[in-house]
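Encoded as structure tokens, the structure appears first; notes follow it.
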Protein chains: 2
Amino acid sequence: MNQPTPIEETVHRHGLRLTPQRQVILEVLRASREHPDAAWVYQQVRQRLPHISLGTVYRNLATLAEKGLIQEITLTDNATHWDGDTTPHTHILCPECRRITDLESFTLPEALLEQAQRVSGFAIQGYRLLFIGICPSCAAQHQRVDAR
Amino acid sequence: MNQPTPIEETVHRHGLRLTPQRQVILEVLRASREHPDAAWVYQQVRQRLPHISLGTVYRNLATLAEKGLIQEITLTDNATHWDGDTTPHTHILCPECRRITDLESFTLPEALLEQAQRVSGFAIQGYRLLFIGICPSCAAQHQRVDAR
DNA sequence: ATGCTTGCAAAACATTTGCACGCAC
DNA sequence: GTGCGTGCAAATGTTTTGCAAGCAT
């Protein structure tokens, strides 16, 4: 949806084999706006490949991230989350419902990156930015509760 | 070192009891620039309190973070890391050596926060920003290796 | 045919929790 | 004295890994 390049081509171009497991995992991730963890991906994929093992899911998530086909989100709770959208974008976490939402087309100004590079002496390759805030639906719940 | 408020006073002000375990954990975190995980804190504290249990370390890290006496850094690998410096600052992770370094006094401009709030509809409370880049010492190693 | 990938199950980690006791207040 | 905090150990949850077999190329 968000990444129109055909899966087969993308996978092959990165020197990986196209197995049914790998294909479905990628499809699930690309079709989802959920930023799921491995367990969720496993459950989804199992609906189409009942024999897939959890280990395979973990191995593929790691491999795909390594090749840049998906993104790792290690920002929140115990479990690592994954994002099929590899375009640069920022996330927001609602501490109430623990859901991760996309902040479309929000990028740091170049000037900030340069400042970071200058101050730190590091060769900056990228960044991870997570905003934290109450989502509209949780805010609405608060109002209801507070009104009691 | 970076937070001059006496530990006893700080702990009491937040409605917590000052146990030897809690005190040493806080001292270790404040004295360190390591951004350590629970296992590292445990090892350090055990040098002074050989009988402390790992569970106590975990419980205290959670409690102290909840009260705002330390900061949680959940940006990187599986283990949660902790920071005794609660002033707002940004981190840099070197993917080579996996070390987390401080980026002193680097904050996002207010305008960006407002933009995020406007675009998302969330009530933004804060953010976590991690730059990713090769640290000077790893960059030097690369040069050596590449030159072979 | 070659060797990357998989399934399975066990292992390795990271973290949490129940319970009785002890100590800070 | 009260109840928060601790030690211990077991439980829980997440992720990794060894191995033999399977399949994409």
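Per chain, numbering begins at 1; letters A, B, ... match sequence-line order.
Contact between the side-chain N/O atoms of A:Gln21 and the OP1/OP2 oxygens of C:dG7 is found at a separation under 4.0 Å.
Considering only heavy atoms from C-beta on, A:Trp40 comes within 4.5 Å of A:Val28 through its side chain. The shortest distance between side-chain heavy atoms of B:Val41 and B:Leu29 falls below 4.5 Å. By the 4.5 Å heavy-atom criterion applied to side chains, B:Phe122 and A:Thr101 are counted as neighbours.
Taking atom OH of residue A:Tyr42 and atom P of nucleotide D:dG13, one finds them 16 Å apart after rounding to whole Å. As rounded to whole Å, 16 Å separates atom C1' of D:dT6 from atom CZ of B:Arg46. The CZ-P distance, from A:Arg22 to C:dG7, rounds to 11 Å in whole Å. Nucleotide D:dT6 holds its C1' atom 11 Å from the CD1 atom of B:Ile25, rounded to whole Å. Protein atom CG of B:Asn60 is 13 Å distant from nucleotide atom P of C:dT16, rounded to whole Å. Computed from coordinates, the B:Gln23 CD to C:dC23 P distance equals 17 Å when rounded to whole Å.
Looking at A:Arg13 and A:Glu9, a side-chain N of the basic residue comes within less than 4.0 Å of a carboxylate O on the acidic one, giving a salt bridge.
Listed by chain and residue number, nothing satisfies the ring pair (Phe, Tyr, Trp, His ring centres under 6.0 Å) test with B:Tyr58 (two or more places apart in sequence, or in another chain).
Rounding to the nearest 0.5 Å places CZ of A:Arg46 at 10.0 Å from CD1 of A:Ile52.
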Full working for side-chain hydrogen bond (donor to acceptor under 3.5 Å, both in side chains) between A:Gln43 and A:Gln47: CA-CA 7 Å; A:Gln43 289 202 347; A:Gln47 297 180 6; over 6 Å; no

Walk me through it: do B:His91 and B:His89 pass the test side-chain hydrogen bond (donor to acceptor under 3.5 Å, both in side chains)? CA-CA 7 Å; B:His91 295 108; B:His89 63 286; 3.2 Å; yes

Summarise how protein sits on nucleotides 14-19 of chain D as a single string, 5' to 3': B when a protein heavy atom is under 4.0 Å from the base, S for sugar-phosphate-only contact, - for no contact. SBBBB-

Would you list the protein and nucleotides 22-25 of chain D atom pairs, both N or O, that sit under 3.5 Å from each other?
{"residue": "D:dA24", "atom": "N3", "partner": "A:Arg17", "partner atom": "NH1", "Å": "3.2"}
{"residue": "D:dT25", "atom": "OP1", "partner": "A:His12", "partner atom": "NE2", "Å": "2.3"}
{"residue": "D:dT25", "atom": "OP1", "partner": "A:Leu18", "partner atom": "N", "Å": "3.2"}

